[in-house]
Trainee: 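Have a look at this one.
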Amino acid sequence: MPFEKVEPQADFPALERQMLELWVRVQAFEKLKAKNAGKPRWSFLDGPITANNPMGVHHAWGRTYKDAYNRYFAMTGHELRYQQGFDCQGLWVEVEVEKELGLKSKRDIENLVPGDIEASVNHFVQACKDRVNKFARVQTEQSIRLGFWMNWDRTDAEWAKSPDERHSYFTMSEENNYTIWSFLKKCHHKGMVYRGYDVMPWCGRCGVGISEMEMKEGYKLVEHRAAFVKFPLKDRPNENLLVWTTTPWTLTSNVGAAINPELTYLKVQLKGEIYYVAKGVFKQNRMESTGDTEEPEASAKAKRRDWLDGVPHLNTIEQMFKSKAGKEGFSIIGEIKGKEMLGWEYVGPFDDLPAQQHAFGFPEEVASIVEQRGWCPAKSGAESHRIITGGADVSESEGTGIVHTAPGCGQIDFTWGKENGLPPVAPIDDSGNFYEGFGSLTGKNATDSATADAIFDALKAKDRLFATERYVHRYPHCWRCKTELLYRLVDEWFINMGPKQTEDGFRGDIMKVVNKVTFLPESLNGRARERDWLWNMGDWMISKKRYWGLSLPIWVDDKDPTQFEVIGSREELKERAVEGWTEFDGHTPHRPWVDKIKIRNRQTGNLMSRIPDVGNPWLDAGIVAFSTMKYNTDRDYWNNWFPADFITESFPGQFRNWFYALLAMSTMMSDGLPPFKNLLGFATVKDQFGHDMHKSTGNSIEFVAAADKGGTVPDAKGNSTTFAPIGADVMRWLYCRHNPASNLNFGPIPANEVRGKFHIKLWNCYGFFVNYGRLDGFDPATPQAATLQDIDRWILSDLQGLITTARQAFESYNVMAFCLEAERFLDDRLSNWYIRRNRPRLQSNVSDLDTAGLADKWAAHQTLYTVMTTLCKLFAPVIPFLSEVMWQNLRTHQDPESVHLCDFPKADLKLVDEELSKDMDALLNLVTLGGAARNLAKIKFRQPLAELRVQPATEAVRRAVERFSDQLREELNVKGVRKHDETSPLLSASAKLNKKTAAAKLGPKLKEAEAYLATASALELADKLKLGPVEIVGIPLEGGDINIEYQAKAGWAGVADRGTQVAIDARVTEELAKEGLARDIIRQIQDHRKNSGLNMEDRISLYLHSDSAKLMVALETHREHIAAETLTTQWTQMPPADVAEVKIEGEMLSVSLRKTS
RNA sequence: GCGCGUAUAGCUCAGUUGGCUAGAGCGCAGCUCUGAUAAAGCUGAGGUCCUUGGUUCGAAUCCAAGUACGCGCACCA
């Protein structure tokens, strides 16, 4: 059965869409699963994609890896799960839904149905579910388009099912949520779940606490207004502490002032008042970033701190005193050790506020907890102002060495407060606005700069403001909405990870698991990174005061907030429920329905209510090694598929997010088993110039644009330009050939590059084979007698090497190694050597051949057929579409109906011939050298030459000259090839000065040097120059100063490489010249044929004439040859009307041709 | 500040266990070839393989220090 003709210009994206249809039509994926059912398992665990937006090209990188490795292990006979997952719950979705609904705050959410919080939350949660379903479906379609073979949900009926019943997994499924419950229960059993009352970073817009993991995402360099403030000391008239803060709003809640007892403080007198300030900071250059002032080298090594353009540099504190003092000046009147200052009382900056008058702190709920826990005596903030010790945490690297301490507004402040019995004053509500009790500030937002103005005005009015300045520092922002974070006293729920910087507790258990998994690529040191995170991380904050997410299964006693229980399953909840079960039943375990359930405290008999918090979304993603593998519902299944053999995700951030959650939860759930064996991390997709992709800058590319639609990106100058669709296989190759450890620049420029060097080349090889094969009626199903040539055996031998590389690369999760080797094979071996060399064999006319000739032709066809079909299979995991397109045309009826149903090739060692490979490499090198020699002689390839002579340096070259002399003759267009076996070298070398660079060095000695070089041994000189400069007439000269030229004897041109020397006879005899002209004539006629739209096999009648005797002589001498090459069957004597003029070696030739049949 | 990583041509990057004259693609200059044409080949210019020192017969490769950049951690009153 002959092949379908291959069109040279293929629309790859269109072909890909056809293959998608084909796969559905022939049920390729279903057949693959059936084929592998019951075979050894290879377990892949998908990291869930956030189902919140359409896919971008950055998602396609990981999904390409996932699919490529899945396909490889399927082709090598493994059963797979093919389950892909969606990340559904969390703030990402809430924020988008808020935008959709036009909501600005939590209050808006709770008022969606006016006056009915419960209905509002229900409405909002439903909107979140809807959004997830919508985009999960969009992403499903897009993933299918990428060629990602998974058990997708495709039909409306499938999407109408609950998330638990679909093929893909959804982290919002009941299974997933309840499995997390069982995890939390297990943690609670071990006493690791606790309620933390602490100052945490807080986003006022989202109304949530920000966990340690999340905070890392949001640091930005920003400007704040910092203030130096006077705290007047009681019992010491006209004496002040000088404190510094970058968050003026916290001054309202000042309770203490922390010093370092070991530091020395100065007493500075200015205009009748005395200021205390640490000695070490007084003259310090504050633009140099921190450094130990103890060390003398510190100043030398100090670095400029990061700063923003346009913000004035900081003054030293001394300068501030100078400028305030004016002519009067200031004076340092004494020093005092910090420890002597401890306990001094002072007047706070805002003691008139009601909030400062409340015993045990403020507001009331805070005060009641403080009282209950006994953190401080029954005093108000205003009554508590005094100097405390902050120990070594108070340094002289910033500020004044006296730290304003507001235990309700700062993490360390809170700790110091507890240690020193200071009551916390917590000024802001969950939106970041001041509570009642803060006078005129009440209702103002803490991040608002008008609030800072109000604070400064109030301080000025009391003469407490010493100075303000514009200060630049890295400050945390909400990773999602970019709002500045505030530190706020909150209660959140945590999992105790054990003591920091130890290998004890849960932390240490996870570390043991980390030691059991393989992190790839090695250069990333993934294990060390993961261990580093585990070593330093704080307790895991699992709560979030929001609406859409895992409902934390924690029920707290309505009357005793210290008593709580963790529920581990739906069944347990049902059993414990004393209220609300009927209303909840039939709903997913989400808000608001689950909130209705009350249980009874078995100890106190009180009702217990669920905390309103939802869970950290990394719990959702981290449990999937259990939930999706049916840990709680089908333990046999779990035993079969756990742990996963392989996971792969973009690594930035994941060592503290998904990888961490997966490892932590597995450690707990399985008592110390690793959740996966191999982890492949990969970096980030950047735009084609290496810049970050941002929607706002217009350089991000949506998946649909890259796959099918095309789009726009900025060009090098930043102007928007359109680009054509790139297609899935081009993307996939781009991703797979890339080093996963480094960022990938994506865009039309790299896509075109990769398409040009790989896809089109592959397509051309395929098209060439098919189009000639079908002309000859080559049918792979009915083999003909064939006699393999060396070159056939050679390409088959090298093909086995490629197969070996492929298997090794896939097995070690290093697909890049395979891709790079495949490119070399395709370009250097197949396209530019095998096919090019074998064109005559493949293009010859069957009818012109005798039996031997036919056998030779079939050998070429069969060899190339084997190569092409093997490549289809080798490439199938990486470029499933193009492989399939080719396979569909190449396969016989006995072959599998999809390339993806084939077995992955195995190297056949019987076909490997190392010596042949070496000899062929030598030949390729000789061809290059011969070409270089021709170039040197400035003789074009069409001009035949008499002889090529080779002086071999290795056995392989020696053999190649003998074995492949025909190839050399043809490639280099020479009449003969000879080995140079004489004792004298084939080439001589001469050295000449590169006067451009050497003249300046030599000066007047130039002539002397030239004379020396004329006599010196150039070959020796060349060797020395490689080692370094060589003294010539007393002046050191480098390689660049001297040109070494190899020279053949007169009339010859020669070059050398690694000892092998090649020379070509450059003398063009009259006979050779005539032959060359004949080739020129043939070339022009062929061009003319092609331009006239003739087919390759068309016969012509030809008219040729020239006034040039030279051309006519060449024409007459080689008339037969010209006729044969151009399929001329008739010569026309009279000039036809449509004569074209062409120029050959400056002479005009008239040409006219006509198709005869 | 601590830790990890990277540094190879104008750009993007390969370079196995140390080995002979360090490579590719793109870009640039020139030439060539062409019925594979969205082609292809050759040559050239362009390299302090970040710097310094060490190990070695031999270092882009191994070791140490330094510099620059990136990442992680800590700090950010």
Side-chain angles (χ1 to χ4, degrees), chain A residues 6 8-10 216 219 226 243-247 250 257-258 289-292 305 390 393-395 397-406 409-413 416 471 473-476 487 523-525 528-530 532-533 535-537 651-653 655-656 683 688-690 716 737-739 741-745 749-750 752-757 759-761 763-769 771-772 816-817 820 823-824 827-828 831-832 835-836 839 843 927-928 930-932 934-936 938-942 973 1022-1023 1026 1055-1059 1083 1086-1087 1089-1091 1094-1097:
Chain A
V6 173
Q9 297 196 5
K216 319 277 183 207
Y219 276 98
V243 302
W244 177 76
T245 181
T246 58
T247 48
T250 64
S289 74
T290 61
D292 258 353
R305 62 161 77 231
D393 288 326
V394 176
S395 74
S397 60
E398 263 180 314
T400 61
I402 304 172
V403 177
H404 146 60
T405 304
C409 305
Q411 269 171 326
I412 198 150
D413 308 46
W416 288 342
Y471 187 75
H473 59 166
R474 287 180 69 230
Y475 193 83
Y487 284 82
S523 65
L524 287 178
N525 269 328
R529 288 188 191 211
E530 193 63 63
D532 187 56
W533 163 253
W535 183 254
N536 291 303
M537 69 183 175
F651 63 83
F655 290 102
R656 62 169 179 268
Q688 57 191 359
F689 305 111
R737 76 182 299 281
H738 189 76
N739 179 354
S742 62
N743 291 335
L744 183 150
N745 297 352
I749 295 174
N752 287 339
E753 193 181 319
V754 116
R755 187 195 291 110
K757 98 169 124 193
H759 301 73
I760 289 174
K761 203 161 280 177
W763 188 256
N764 286 340
C765 291
Y766 157 73
F768 182 85
F769 164 70
N771 288 342
Y772 286 102
M816 172 181 90
L820 296 180
E823 287 179 2
R824 280 191 285 271
D827 192 15
D828 301 349
S831 174
N832 283 324
I835 290 185
R836 192 159 64 77
R839 275 169 52 196
Q843 289 173 321
V927 170
T928 306
R934 286 196 80 110
N935 234 311
L936 204 65
K938 296 204 194 308
I939 298 174
K940 58 187 178 180
F941 271 74
R942 260 193 305 251
N973 197 14
D1023 286 341
K1026 274 161 212 155
V1055 294
D1057 177 66
R1058 289 160 207 258
R1083 163 84 191 94
Q1086 301 288 34
D1087 210 38
R1089 277 181 63 109
K1090 187 178 162 192
N1091 294 337
L1094 267 62
N1095 285 322
M1096 283 181 275
E1097 62 274 18

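Computed from heavy atoms alone, side chains included, the values below leave out hydrogens, waters and symmetry copies. In what follows, chains carry the letters A, B, and so on, assigned in the order in which the sequence lines appear, proteins first and then strands, with residues in each chain numbered from 1.
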Trainee: Just how far is it from atom CG of A/L820 to atom NE2 of A/H738, taken to the nearest 0.5 Å?
Mentor: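 That separation rounds to 10.5 Å.
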
Trainee: Could you give the distance separating B/rU12 and B/rU52 at their P atoms, to the nearest angstrom?
Mentor: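 24 Å, rounded to whole Å.
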
Trainee: Within the structure provided, determine whether A/V403 and A/W416 are in side-chain contact (heavy-atom separation under 4.5 Å).
Mentor: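 A side-chain contact exists here, since the closest heavy-atom pair is under 4.5 Å.
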
Trainee: Measure from the side-chain N and O atoms of A/N832 to the backbone N and O of A/D827, and report whether any donor-acceptor pair falls under 3.5 Å.
Mentor: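 Yes; at least one donor-acceptor contact below 3.5 Å.
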
Trainee: Determine whether A/I749 and A/F689 make a side-chain contact, defined as any pair of heavy atoms from C-beta on separated by less than 4.5 Å.
Mentor: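 When only atoms from C-beta onward are counted, A/F689 and A/I749 do touch, with a gap below 4.5 Å.
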
Trainee: Using the C1' atom in both, what is the distance from B/rU17 to B/rC13, to the nearest Å?
Mentor: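 Here B/rU17 and B/rC13 have their C1' atoms 23 Å from each other.
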
Trainee: In whole Å, what separates the P atom of B/rG30 from that of B/rG23?
Mentor: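 After rounding to an integer number of Å, I get 25 Å for this pair.
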
Trainee: Do A/F769 and A/V6 have side chains that get closer than 4.5 Å, going by heavy atoms?
Mentor: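 SC-SC contact between A/F769 and A/V6 ruled out.
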
Trainee: Give me the atom names and distance for the closest heavy-atom approach of A/S831 to A/C765.
Mentor: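 The pair with the smallest heavy-atom distance is CB-SG, 3.8 Å.
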
Trainee: In whole Å, I'd like the distance from the CZ atom of A/F651 to the C1' atom of B/rC71.
Mentor: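 Roughly 8 Å, once rounded to whole Å.
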
Trainee: Which nucleotide, if any, forms a Watson-Crick or G-U wobble pair with B/rG1, using both distances under 3.5 Å?
Mentor: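 Check on B/rG1: paired to B/rC73, both distances under 3.5 Å.
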
Trainee: Quick one: does A/S395 reach the base of B/rA77 with a side-chain donor-acceptor pair under 3.5 Å?
Mentor: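 Yes.
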
Trainee: A/N739 side chain to A/M816 main-chain N or O, any donor-acceptor pair under 3.5 Å?
Mentor: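 A pair under 3.5 Å: no.
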
Trainee: Does B/rG66 pair with anything, Watson-Crick or G-U wobble, both distances under 3.5 Å, and if so, with which nucleotide?
Mentor: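 Paired with B/rC50.
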
Trainee: When the C1' atoms of B/rG27 and B/rC63 are considered, how many whole Å apart are they?
Mentor: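 It works out to 38 Å between them.
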
Trainee: Does B/rA77 have OP1 or OP2 under 4.0 Å away from a side-chain N or O of A/T245?
Mentor: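 The answer is no; no side-chain N or O of A/T245 sits under 4.0 Å from OP1 or OP2.
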
Trainee: How many whole angstroms separate atom OH of A/Y487 from atom P of B/rA77?
Mentor: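 A/Y487 atom OH is separated from B/rA77 atom P by 7 Å.
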
Trainee: Do the side chains of A/Y772 and A/R839 get nearer than 4.5 Å, heavy atoms only?
Mentor: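 Heavy-atom side-chain distance check fails, nothing below 4.5 Å.
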
Trainee: Return the value, rounded to whole Å, for the distance between atom CG of A/D393 and atom P of B/rA74.
Mentor: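 So the two atoms are 15 Å apart, to the nearest Å.
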
Trainee: B/rU34 pairs with which nucleotide, Watson-Crick or G-U wobble, both distances below 3.5 Å?
Mentor: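 Pairing partner: none.
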
Trainee: Starting at atom CH2 of A/W533, determine the distance to atom C1' of B/rC73, rounded to an integer number of angstrom.
Mentor: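 The answer, rounded to whole Å, is 9 Å.
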
Trainee: Using whole Å, what does the distance between atom C1' of nucleotide B/rG25 and atom CD of A/E823 come to?
Mentor: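 For the pair A/E823 CD and B/rG25 C1', the rounded distance is 9 Å.
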
Trainee: Can you tell me how far C1' of B/rA77 sits from NE2 of A/H473, to the nearest Å?
Mentor: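 From A/H473 NE2 to B/rA77 C1': 10 Å.
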
Trainee: Could you work out the separation of B/rU43 and B/rA22 based on their P atoms and round it to a whole Å?
Mentor: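 My reading of the P atoms in B/rU43 and B/rA22 gives 15 Å.
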
Trainee: Counting any heavy atom closer than 4.0 Å, what does A/T400 reach on the DNA or RNA strands: base, sugar-phosphate only, or nothing?
Mentor: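 No contact.
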
Trainee: Watson-Crick or G-U wobble partner for B/rA60, using a 3.5 Å limit on both distances?
Mentor: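 Because no pair has both required distances under 3.5 Å, B/rA60 counts as unpaired.
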
Trainee: How far, in whole Å, is B/rA14 from B/rA7 if one measures between their C1' atoms?
Mentor: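 Straight-line distance between the two C1' atoms is 15 Å.
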
Trainee: Roughly how far, to the nearest 0.5 Å, is OG1 of A/T245 from OH of A/Y471?
Mentor: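 It is 11.0 Å, given to the nearest 0.5 Å.
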
Trainee: Take atom C1' in B/rA45 and the same atom in B/rG1, then report the distance between them in whole Å.
Mentor: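 Approximately 47 Å lies between the C1' atom of B/rA45 and that of B/rG1.
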
Trainee: Find the distance A/N752:CG to B/rG25:P and express it as a whole number of Å.
Mentor: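 Taking atom P of B/rG25 as the reference, CG of A/N752 is at 17 Å.
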
Trainee: If the condition is side-chain contact (heavy atoms from CB on, under 4.5 Å), which residues does A/I760 pass it with, not counting sequence neighbours?
Mentor: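 Applying side-chain contact (heavy atoms from CB on, under 4.5 Å) to A/I760 gives A/F12, A/R755, A/N764.
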
Trainee: Tell me, for nucleotides 2-13 of chain B in 5' to 3' order, what letter each nucleotide earns: B for a base near a protein heavy atom under 4.0 Å, S for only sugar-phosphate near one, - for neither?
Mentor: --SS------SS

Trainee: Please step through side chain to side chain contact (heavy atoms under 4.5 Å, CB included) for the pair A/K757 and A/R737, ending with a clear verdict.
Mentor: CA-CA 12 Å; A/K757 98 169 124 193; A/R737 76 182 299 281; 3.5 Å; yes

Trainee: Using the C1' atom as the reference point in each nucleotide, state the distance between B/rU55 and B/rA59 in Å, no decimals.
Mentor: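 Straight-line distance between the two C1' atoms is 10 Å.
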
Trainee: Could you check which nucleotide pairs with B/rU17 in any of the strands shown, counting Watson-Crick or G-U wobble with both distances under 3.5 Å?
Mentor: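 Base-paired to nothing in any strand shown.
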
Trainee: Treating primed atoms plus P, OP1 and OP2 as sugar-phosphate and everything else as base, which nucleotides of nucleotides 33-40 of chain B get B, S or - for protein heavy atoms under 4.0 Å?
Mentor: SBBBBBSS

